[in-house]
Amino acid sequence: MAFATINGNVMHYELIGEAKAKNLIVFSNGLGTDFRIWLPLFDELGEDVSVLLYDSRGHGLSGGADKPFGMDDLVSDLAELCDFLDIRKATFCGLSVGGLVCQGLWKKRPDLFRKLVLCDTAPRIGTAEIWAERMAGIEKGGLESAADNAMQRWFTPAFHEDRADDLAGYRLMMTRQSVAGYLSTCAALRDADFSDVLPTVTVPTLVVVGDQDGSTPPETVQAGAGLIPGARFEVIEDCAHLPCVEQPEALAELIQGFMRKQ
């Protein structure tokens with residue numbers, strides 16, 4: 001485990017490989033998860049791929065949940081972590097809110113980008129009403145009250161039936177997050193809209209979605225992909241919101257082919 005003080009908060013991260021590697025990919029996790037969601041990809045990625053993982057503010061072992069924060073803070077955290085590690089160029093891959101963080105990072109620091117992978121995300125996710133309802137429910141009943149609905153969005157019925165132990169583990173991952181950190185991230189999602197940013201993306205971009213995603217449905221993700229000049233759009237079958245967990249082989253194959261394409 002590695003830790004650094006980033007923007008006044010302790011951040012948990014792990015760099016596997018070299019910060020200046022040509023095939024460096026930086027992963028940004030989704031709401032209610034930590035960087036362990038990306039671990040199933042590791043056996044599928046080539047040995048020449050370097051990886052940076054980190055727990056976003058208020059999640060996992062990273063601090064910062066003690067005071068409210070927004071999307072600008074999450075974007076700044078990633079930019080500062082890259083500077084701390086002296087990362088000059090990388091492929092950035094963000095899932096759900098992590099995808100929005102990567103979009104915000106493009107707006108703030110396009111110099112850092114070699115390529116971009118947007119996974120089960122969009123320039124705007126949900127509505128103010130949806131987020132208000134979800135946040136009110138969590139303030140009243142805690143994360144446990146939202147966990148079953150989240151698992152329905154995260155994973156397919158087949159995953160629920162065939163991988164009960166894994167399902168229980170990911171449910172625990174969500175319910176053990178900081179409530180305050182989760183709520184601030186919900187507020188960041190509520191307020192974020194990068195519809196005007198995506199048309200400015202000039203690096204090669206891959207956009208991926210699970211065919212049964214209950215959080216960011218394929219048509220929503222495809223609409224976002226359509227805003228990015230030349231973006232490649234792919235649907236992963238038999239998969240919901242977390243392809244890195246449910247279909248890591250398929251996701252890794254798409255990412256590796258995309259990273260190696262000149």
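Just so it is clear, the values below take in all heavy atoms, side chains as well, and ignore hydrogens, waters and symmetry mates.
C102 places a side-chain heavy atom less than 4.5 Å from the side chain of L116. By the 4.5 Å heavy-atom criterion applied to side chains, L95 and C244 are counted as neighbours. The shortest side-chain heavy-atom distance between E44 and I255 does not fall under the 4.5 Å cut-off. Proximity of L254 to I236: side-chain heavy atoms (C-beta onward) are separated by under 4.5 Å at one or more points. Looking only at side-chain heavy atoms (C-beta outward), L112 and V26 stay at 4.5 Å or farther from each other. Between L118 and Q103, some side-chain heavy-atom pair lies under the 4.5 Å cut-off. In this structure the side chain of N149 never reaches within 4.5 angstrom of the side chain of R134, judged on heavy atoms.
Taking all atoms of both residues into account, the shortest heavy-atom contact from I6 to D77 is CG2-O, 3.5 Å. Of all the heavy atoms in D86 and K20, the pair that sits closest is OD2-NZ, 2.6 Å. The minimum heavy-atom distance linking G30 with S96 is given by the pair CA-CB, 4.2 Å. For the pair G142 and S145, the tightest heavy-atom approach, listed with the atom from each and the gap, is O-OG, 2.6 Å. The two atoms that bring M173 and Q177 nearest to each other are O-NE2, 2.9 Å, heavy atoms only. Across every non-hydrogen atom of W106 and T200, the tightest pair is NE1-OG1, 3.1 Å.
Under the salt bridge (charged side-chain N to carboxylate O under 4.0 Å, His left out) criterion, D148 pairs with R171, not counting sequence neighbours. For F3, the ring pair (Phe, Tyr, Trp, His ring centres under 6.0 Å) partners two or more places apart in sequence, or in a different chain, are H12. Under the ring pair (Phe, Tyr, Trp, His ring centres under 6.0 Å) criterion, F92 pairs with F113, not counting sequence neighbours. D211 is linked by a salt bridge (charged side-chain N to carboxylate O under 4.0 Å, His left out) to nothing, counting only residues two or more places apart in sequence or in another chain. Taking the salt bridge (charged side-chain N to carboxylate O under 4.0 Å, His left out) definition, one finds that D73 meets it with nothing, sequence neighbours left out. With sequence neighbours excluded, no residue forms a side-chain hydrogen bond (donor to acceptor under 3.5 Å, both in side chains) with K108. Residues satisfying the ring pair (Phe, Tyr, Trp, His ring centres under 6.0 Å) criterion with Y170, sequence neighbours excluded, are F155. Applying the side-chain hydrogen bond (donor to acceptor under 3.5 Å, both in side chains) rule to T175 yields no partners; only residues at least two apart in sequence or on another chain are considered. Taking the salt bridge (charged side-chain N to carboxylate O under 4.0 Å, His left out) definition, one finds that D111 meets it with R109, sequence neighbours left out.
Residue L31 is grouped with residue V179 when hydrophobic side chains (ILVMFWY) are merged at heavy-atom distances under 4.5 angstrom, including chains of intermediate members. Transitive grouping of hydrophobic side chains (ILVMFWY, heavy atoms separated by less than 4.5 Å) brings V10 and M1 into a common cluster. The hydrophobic cluster containing L39 also contains V117, counting ILVMFWY residues as joined when their side-chain heavy atoms lie under 4.5 angstrom apart, directly or transitively. Hydrophobic clustering of Ile, Leu, Val, Met, Phe, Trp and Tyr side chains at less than 4.5 Å, counting indirect connections, unites L24 with I16. Residues I130 and M151 are members of separate hydrophobic clusters, defined by side-chain heavy-atom contacts under 4.5 angstrom among Ile, Leu, Val, Met, Phe, Trp and Tyr.
T205 contributes a side-chain N or O that, together with a main-chain N or O of V203, makes up a donor-acceptor pair within less than 3.5 Å. A donor-acceptor distance shorter than 3.5 angstrom exists from the side chain of R124 to the backbone of A192, with no hydrogens or angles considered. E234 places no side-chain N or O within 3.5 Å of a backbone atom of L206 that could act as its donor or acceptor partner.
Once rounded to the nearest 0.5 Å, the distance linking CG of D191 with SG of C186 reads 11.0 Å. A distance of 5.5 Å separates NZ of K115 from CZ of F258, quoted to the nearest 0.5 Å. To the nearest 0.5 Å, the span separating OG on S50 from CG on L45 amounts to 10.5 Å. The OH atom of Y13 sits 13.5 Å away from atom CG of L61, with the distance rounded to the nearest 0.5 Å. Considering NE2 of H160 and CG of L167, their distance stands at 5.0 Å, rounded to 0.5 Å. Here the OG1 atom belonging to T156 is positioned 8.0 Å from the CG atom belonging to D162, to the nearest 0.5 angstrom.
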List the steps and the verdict of side-chain contact (heavy atoms from CB on, under 4.5 Å) for R36 and V245.
-> CA-CA 9 Å; R36 289 174 293 180; V245 173; over 6 Å; no
Run the side-chain contact (heavy atoms from CB on, under 4.5 Å) check on M11 and S62 step by step: do they pass?
-> CA-CA 4 Å; M11 180 178 284; S62 289; 3.7 Å; yes
Check the pair L251, E246 against side-chain contact (heavy atoms from CB on, under 4.5 Å), reporting the backbone distance first and the verdict last.
-> CA-CA 9 Å; L251 180 60; E246 196 158 13; over 6 Å; no
Residues F84, T5; criterion side-chain contact (heavy atoms from CB on, under 4.5 Å); working and verdict | CA-CA 9 Å; F84 172 78; T5 298; over 6 Å; no
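Applying the 6.0 Å contact sphere to NZ of K107 captures no more than 12 heavy atoms from other residues, nucleotides or ligands. Annotation for E253: atom CD does not count as buried by contact number, only 12 or fewer foreign heavy atoms lying within 6.0 Å. Taking a 6.0 Å sphere around CD of E249, one finds it holds more than 12 heavy atoms contributed by other residues, nucleotides or ligands. For CZ of R114, the number of neighbouring non-hydrogen atoms (other residues, nucleotides, ligands) closer than 6.0 Å is greater than 12.
The ring pair (Phe, Tyr, Trp, His ring centres under 6.0 Å) pairs that include a residue from residues 36-83 are F27-W38, where partners are two or more places apart or lie in different chains. Listed by first and then second residue, the ring pair (Phe, Tyr, Trp, His ring centres under 6.0 Å) pairs involving residues 195-224 amount to none (not counting sequence neighbours).
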Contacts under 3.5 angstrom, residues 216-227 side chains, donor-acceptor by atom type, not counting sequence neighbours:
{"unit_1": "T216", "atom_1": "OG1", "unit_2": "D120", "atom_2": "O", "d": "3.1"}
{"unit_1": "T216", "atom_1": "OG1", "unit_2": "D213", "atom_2": "OD2", "d": "2.9"}

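We find that D34 and R176 are not joined by a salt bridge, their nearest charged nitrogen and carboxylate oxygen being 4.0 Å or further apart.
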